[in-house]
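Encoded as structure tokens, the structure appears first; notes follow it.
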Amino acid sequence: MSQLLDNLNPEQLAAVTLPPQHALILAGAGSGKTRVLTTRIAWLIQNGFCSAQGILAVTFTNKAAKEMLTRLSAMFPINTRGMWIGTFHGLCNRFLRAHHREAGLPQLFQILDSGDQLASIKRLLKTLNVDDEKFPPRELQHFINGQKEAGIRPAAVEAWDDYTRRRVELYMEYEAQCQREAVVDFPELLLRSYELLERNEPIRRHYQARFRHILVDEFQDTNVLQYRWLKLLAGNGDEGCACLFCVGDDDQSIYRFRGAEIGNMRDFERDFKVPAVIRLEQNYRSHGNILDAANALISNNSKRLGKSLWTDRGAGEPIRVYEAFTDSDEARFIVEEVQSLVREGISRSDIALLYRSNAQSRVLEHQLFSSGVAYRVYGGLRFFERQEVKHALAYLRLIANPDDDTAFTRVVNFPTRGIGARSLEALQDAARTWNTPLYQTVPHLSGKPGTSLAQFVGLIERLRQETAALPLHEMVDHVIEMSGLRTHYKNEKEGQERLENLDELINAAANFNAEVGSGERPADMGTDTGTVLAEFLAHASLEAGDHQADAGTEAVQLMTVHAAKGLEFDVVFLSGLEEGLFPHENSILESDGLEEERRLMYVAVTRARQRLYLSFTQSRMLHGQVRYNLRSRFLEEIPEALTKWLTPPNPRRSFVSEPSPRYYNPGSSKPAAPSMPPPPPQKSRDLGGLSIGQAVSHIRFGEGVIVAAEGSGSDARVQVKFAESGAKWLMLAVAKLTPIG
DNA sequence: TTCCGGAGCGTTTTT
DNA sequence: CGCTCCGGAA
């Protein structure tokens, strides 16, 4: 017991041992927030404030949820089974399975991941004969999810124009289609749960009485609906009130673009009159210079709850700054530096190369590859998103739920079995006439097209029967074999890796089955084959798998700054610190976009434990054209005393109205003088007081941002990216551009 | 059904 | 520049 609280600093201790009450913990980067969260749970239980059943802890990623469970079981020998620990979506899934009847869902409902959802929307537009040029599926998906995440059903959308009215109709049709097919998309998991809790008083009271302590990780990332769900579950005074313990960092909120609402932090304080706000500001990760840089940077943001990191580890090394001529010079410098660090004994996996956008990884990869440095890029396709895996899952989905038209269309002719577009069209027409799912429509078809379709239905029926008594992994194996998938990929030239992935799927099923068998699952679920299969399919949708596999390999880590959140490395290289790239040009016109970019930069800087490199280039190849960017304003926001320039410091600060000419002789510089000649000078260009990154307004095109410039004097032209009309090249002598912002 | 070429586009991403 | 997607031809 006393062990539990050992080595906590005073603030951590205060947070962990707060009496049962609402609390907001502002946990800075590297301040031990997961430790506080898990220790709090242990402390509550050990001191009898609450039983395991009374705990609900919610996270954003499966990784975080797993981490919490692991740490908890290491902390004290309690059965974590009674607790509800998981992601928002995972917990809602569990809730809806338990109350599927009240939620208006069949027990074996399927979960659509984003890709499935998009396919479902495309199919809807097709059956309704809607022009997908006018209503781009992606845009519609975004619209629908946006409404759902704001808790708004079609009937409640305020539509003022025809376009929106039509989109609302499509939203309604989409809902009907999902209901018909017994499928639920990600935001629907949350909205259904929320609505069920709201309208069903017995269920609401049951859970409000059960959960005495609700703990939320990464609270700054919650969206509107998630916060409302938490409020409902916590209850208010009359219905018995759970304690909300929210941990978050407003300075690390970088997901507004996908609905995260920082305002939730302030709202929480206000709505619950939170008596305890505790700041965890002692950082155990980085050296002083790095933290000072991060603090200085983030102090330029105005909308903050306020917090300042400190460490007792000493100042450490200065932050290294490098100016390159081109992106490939920058990459060359980084890779040479990496090699020398590796020679000094630093492990490659302790080195991270971070960038703002994925496109930047290419040059780095190229350089790493030709220098023979092992590297690993994060991001890209994940296991359960691979086409062969999705195909196999589609067969399984049809076995579990024949009404799933998305799964049906996916594999009805894969591997090809002579069911072409016309037979499918005939089937879809018939399905509309009979108002039945595709699968059920097949028997209604007469004539030739019916035969091959009937054979397909026969195949699925046979698979269902043959696998009914099999353990999950044998079922998966059997389905892969009998569907013809295995043969198909065997015959495909590049099919070897796909076959391996299918084997991996069988392994995943075996592991899943083992966990189910050992009782690591909620008690409120059945154990028959159908249920186990449904659970496995839900698992596949909710947890698309790590794209962080073989993390153990000794390789340099490449990823976007977003992907790096929550991670830490001894050495961090942050490249591409240029206006337009970081901060990204698209963010400049968004309200508060710049502050979000700055938070992103703050996240990047605080990833480094010992050494941080910041680099930028004079020119960069982007979208097939060379761009000359100014160095990032964020670089200027880091005090010079904390930095050490590896190239001759360039006194020109960005955003001076009159860019001064700059002289630089590469021959005289040490240590790693870039070998490329400097690009055409843009330094002496007179942009009439304008600069790249500047937001401007044009009488006809509206508001935009300058993204590139060329020529000088009366020839000077700038490229402006307009919010409405896209990118345009404009002659400065002709176009009248007014600086704004 | 498959393959090729042209057009279009090009932040960040979990569930 | 390099990728994805779509449509047309073999």
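Note on naming: letters A, B, ... go to the chains in the order of the sequence lines (proteins, then strands), and numbering restarts at 1 for each one. Because only heavy atoms are used, hydrogens play no part in the values below, and waters and symmetry mates are left out as well, while side chains stay in.
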Who pairs with A/Lys303 by salt bridge (Lys or Arg N to Asp or Glu O under 4.0 Å), at least two apart in sequence or on another chain? A/Asp592

Sequence neighbours excluded, which residues qualify as salt bridge (Lys or Arg N to Asp or Glu O under 4.0 Å) partners of A/Lys231? A/Asp271

For [X] and [N], is the shortest distance between a side-chain N/O and OP1 or OP2 below 4.0 Å?
X: A/Arg382; N: B/dT13; value: no
X: A/Asn358; N: B/dT13; value: yes
X: A/Thr560; N: B/dT13; value: yes
X: A/Asn586; N: B/dT12; value: no

Taking [atom1] from [X] and [atom2] from [N], how many angstroms apart are they, rounded to a whole number?
X: A/Glu585; N: B/dT12; atom1: CD; atom2: C1'; result: 14 Å
X: A/Tyr378; N: B/dT12; atom1: OH; atom2: C1'; result: 18 Å
X: A/Leu381; N: B/dT13; atom1: CG; atom2: P; result: 13 Å
X: A/Glu596; N: B/dT13; atom1: CD; atom2: P; result: 13 Å
X: A/Leu581; N: B/dT12; atom1: CG; atom2: C1'; result: 13 Å

Nearest-nucleotide 5' precedence on DNA chain B, A/Leu600 against A/Glu385: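 Nearest nucleotide further toward 5': that of A/Leu600.
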
Which residue lies toward the 5' end of DNA chain B, A/Ile419 or A/Tyr255, if each is placed at its nearest nucleotide? A/Ile419

Mind jotting down which residue pairs meet the ring-ring contact (aromatic ring centres under 6.0 Å, His included) criterion with at least one end in residues 118-143 of chain A? Sequence neighbours excluded, please.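 Passing the test, one end in residues 118-143 of chain A: A/Phe135-A/Tyr163.
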
Using the P atom as the point on both nucleotides, what is the distance between C/dC5 and B/dT12, in whole Å?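 Those two atoms are separated by 16 Å.
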
Tell me, do A/Leu364 and A/Tyr375 make a side-chain contact under 4.5 Å, heavy atoms counted? no

Would you classify [X] as touching base, sugar-phosphate or nothing, given that sugar-phosphate means primed atoms plus P, OP1 and OP2, and contacts are heavy atoms under 4.0 Å?
X: A/Asp113; answer: nothing
X: A/Asn62; answer: sugar-phosphate
X: A/Glu590; answer: base
X: A/Phe257; answer: base
X: A/Phe88; answer: nothing

For A/Tyr489 and A/Phe414, take the angle between the two ring planes, folded into 0 to 90°, and tell me which bin it lands in: parallel under 30, tilted 30 to 60, perpendicular over 60. tilted

Using the purine O4'-C1'-N9-C4 or pyrimidine O4'-C1'-N1-C2 torsion, is B/dT11 syn (within 90° of 0) or anti?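 Syn, angle within 90° of zero.
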
Pair A/Asp185-A/Gln117, side-chain hydrogen bond (donor to acceptor under 3.5 Å, both in side chains): steps then yes or no: CA-CA 7 Å; A/Asp185 60 37; A/Gln117 186 190 24; 3.1 Å; yes

Can you sort out the partners of [X] under ring pair (Phe, Tyr, Trp, His ring centres under 6.0 Å), two or more places apart, ordered by chain and number?
X: A/Phe88; result: A/Phe60, A/Trp229
X: A/Phe536; result: A/Phe512
X: A/Phe573; result: A/Tyr613

Output one letter per nucleotide in nucleotides 1-7 of chain C: B when a protein non-hydrogen atom lies under 4.0 Å from the base, S when only the sugar-phosphate is that close, - when neither is. BSS----

Decide, applying a 5.5 Å centre-distance limit and a 30° plane-angle limit (both strict), whether A/His584 stacks on B/dT11. yes

What residue pairs, at least two apart or across chains, pass salt bridge (Lys or Arg N to Asp or Glu O under 4.0 Å) with a residue in residues 409-424 of chain A?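 Checked against salt bridge (Lys or Arg N to Asp or Glu O under 4.0 Å) - neighbours excluded - no pair reaches residues 409-424 of chain A.
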
Heavy atoms within less than 4.0 Å of DNA chain B: which residues of residues 409-417 of chain A have one? Give them sorted by number.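 Under 4.0 Å from DNA chain B: A/Asn413, A/Thr416.
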
Could you please name the option among B/dT11, B/dT15, B/dT13 that lies closest to any side-chain atom of A/Glu597?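 The answer is B/dT11, which lies nearest to the side chain.
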
Whether the side chain of A/Ser114 and the base of B/dT15 hold a donor-acceptor pair under 3.5 Å is what I'd like checked.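 Indeed, a donor on one side and an acceptor on the other fall under 3.5 Å apart.
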
Centroid-centroid under 6.0 Å between A/Tyr355 and A/His562 rings: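 Ring centroids of A/Tyr355 and A/His562 are no less than 6.0 Å from each other.
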
